[in-house]
Amino acid sequence: MDPVESGNAPDIHDPDYIAFVAGRILDHVREVPELAALSEPVTFESTPHGLVMMTAPDAPHGDILDDLRSFLTSLPRHDAGARALRENTSVELGVSERTPDLIVFDPSRRVLVRGGRAMNTTGILMLVEVTSTSTRREDLDREDPAAKPRQYAAGGIPLYLVVDRRRAEVLLFRDATNGVYPEPTVFRVGEPVWLPKPFSAAWPTEFMKDLL
């Protein structure tokens, strides 16, 4: 529900209201022509912490995503069903919008919202984040309801994969109960990362040792 249209005076400290206002600001920020002229693109998220700006990732960040993308597109589809990959697209989570590094979804169920710029969670199979210095806490914090693990779990995301570059680990969150993921499965970089159905395959991560 729109906090402004609810008929009640909004609590300016309420996380949902903060995310709502950040989303309204984001709608205007996206129309600023100077942003398109920047030498390095920036991404914005509307979150319960407010409007968050993220700069372009570094080369190792991109290399990790390139390898995962190639791995996922190489998997046979006769058992896994339809799936597609999408980047630079926001996911609508209540009044928040998050922009994961990679979205894996069932294209037959994709629904775009908010002017075609964001997806709702219908049909999403997995979200992927590769940590950066500025995003690591948001990517991994399981206690803060406004951080990504809790928001993704509450949004019904079945699989959430995080590459934690600082600790050289890959974490897989799954099987959310009452909007909370249990403790993630942790793989050390170099170990194969088993992705359950609908993928049912192990992602080799030995290559990451040269990137961390």
Side-chain angles (χ1 to χ4, degrees), residues 38-47 49 51-75 83-93 96-105 117-119 121 124-144 146-155 157-174 176 181 183-196 198-199 201-212:
L38 292 176
S39 58
E40 293 188 357
V42 295
T43 302
F44 294 91
E45 292 183 328
S46 58
T47 80
H49 295 301
L51 190 64
V52 177
M53 182 181 75
M54 296 168 291
T55 57
D58 57 21
H61 184 286
D63 290 343
I64 292 170
L65 288 174
D66 286 345
D67 188 273
L68 177 58
R69 191 186 307 107
S70 297
F71 169 74
L72 292 173
T73 55
S74 72
L75 296 179
R83 62 177 177 272
L85 309 181
R86 195 175 183 100
E87 299 175 72
N88 302 316
T89 300
S90 298
V91 174
E92 183 187 58
L93 298 159
S96 297
E97 280 187 23
R98 291 291 194 176
T99 307
D101 289 321
L102 187 66
I103 302 171
V104 188
F105 64 96
R117 291 189 299 265
M119 295 175 63
T121 57
I124 290 181
L125 306 173
M126 181 170 69
L127 296 181
V128 180
E129 302 281 9
V130 178
T131 63
S132 301
T133 301
S134 61
T135 67
R136 184 175 182 274
R137 192 200 68 80
E138 282 278 314
D139 292 340
L140 293 170
D141 190 339
R142 296 177 58 244
E143 301 302 322
D144 183 354
K148 293 176 185 178
R150 292 282 292 273
Q151 281 200 313
Y152 289 167
I157 304 302
L159 299 173
Y160 173 38
L161 186 72
V162 187
V163 178
D164 183 359
R165 293 198 287 171
R166 180 185 297 177
R167 295 179 60 89
E169 293 177 343
V170 182
L171 297 85
L172 179 64
F173 296 84
R174 57 182 295 194
Y181 292 120
E183 288 285 339
T185 304
V186 180
F187 304 87
R188 294 294 301 171
V189 163
E191 297 177 343
V193 174
W194 177 255
L195 300 177
F199 308 101
W203 176 34
T205 64
E206 186 72 24
F207 77 97
M208 268 193 250
K209 290 182 177 181
D210 297 328
L211 300 175
L212 304 179

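Computed from a prediction, not measured in an experiment: that's the story for all the values here.
- Between Ser132 and His61, the closest heavy-atom pair is OG-CD2, 3.6 Å.
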Practice task
Would you check, one step at a time, whether the test side chain to side chain contact (heavy atoms under 4.5 Å, CB included) holds for Glu183 with Arg142?
Solution key: CA-CA 9 Å; Glu183 288 285 339; Arg142 296 177 58 244; 3.0 Å; yes
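- The nearest pair of heavy atoms linking Leu93 to Gly155 is CD2-CA, 4.1 Å.
- Annotation: the span from Leu102 atom CG to Leu68 atom CG amounts to 6.0 Å, rounded to 0.5 Å.
- Atom CE of residue Met126 and atom CG of residue Leu72 lie 5.0 Å apart, to the nearest 0.5 angstrom.
- Among residues two or more places apart in sequence or in another chain, the side-chain contact (heavy atoms from CB on, under 4.5 Å) test is passed with Arg69 by Leu65, Asp66, Leu85, Glu87.
- For Ala201 against Phe71, the heavy-atom pair with the smallest separation is CB-CZ, 3.8 Å.
- Aromatic ring orientation, Tyr160 versus Phe173: parallel (interplanar angle below 30°, classes split at 30° and 60°).
- For the atom pair CD1 (Ile157) and CG (Leu125), the distance works out to 9.5 Å, reported to the nearest 0.5 Å.
- The shortest side-chain heavy-atom distance between Glu138 and Gln151 does not fall under the 4.5 Å cut-off.
- Atom-to-atom distance recorded for Met119:CE and Leu127:CG is 8.5 Å, nearest 0.5 angstrom.
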Name each donor-acceptor pair under 3.5 Å that joins a side chain in residues 205-212 to protein atoms two or more places apart or in another chain, with its distance.
unit_1	atom_1	unit_2	atom_2	d
Thr205	OG1	Gly190	N	2.8
Thr205	OG1	Glu191	N	3.3
Thr205	OG1	Glu191	O	2.5
Glu206	OE2	Lys209	NZ	3.3

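- By the side chain to side chain donor-acceptor pair (under 3.5 Å) test, Asp139 is found to be paired with Thr135, Lys148, residues two or more places apart in sequence or in another chain being considered.
- Residues passing the side chain to side chain donor-acceptor pair (under 3.5 Å) test with Arg150: none are found, sequence neighbours excluded.
- Contact record, Leu171 with Pro184: CD2-CG, 3.7 Å, taken as the closest heavy-atom pair.
- Partners of Phe187 by ring pair (Phe, Tyr, Trp, His ring centres under 6.0 Å), not counting sequence neighbours: none found.
- In this structure, the side-chain contact (heavy atoms from CB on, under 4.5 Å) partners of Arg174, at least two apart in sequence or on a different chain, are Leu159, Leu172, Pro196.
- Arg165 contributes a side-chain N or O that, together with a main-chain N or O of Thr131, makes up a donor-acceptor pair within less than 3.5 Å.
- Partners of Asp141 under the salt bridge (charged side-chain N to carboxylate O under 4.0 Å, His left out) rule, at least two apart in sequence or in another chain, are Arg137.
- Listed here is the closest heavy atom pair of Pro100 and Thr89: CD-O, 3.8 Å.
- Rounding to the nearest 0.5 angstrom, the gap separating the CZ atom in Arg166 from the CZ atom in Arg136 is 4.5 Å.
- Annotation: side chain to side chain donor-acceptor pair (under 3.5 Å) contacts of Asp63 (sequence neighbours excluded): none.
- Considering only residues two or more places apart in sequence or on other chains, Glu143 meets the salt bridge (charged side-chain N to carboxylate O under 4.0 Å, His left out) condition with none of them.
- Among all heavy-atom pairs drawn from Leu161 and Trp203, the shortest one is CD2-CZ3, 4.1 Å.
- Evaluation of the side-chain contact (heavy atoms from CB on, under 4.5 Å) rule for Ala154 yields no partner, not counting sequence neighbours.
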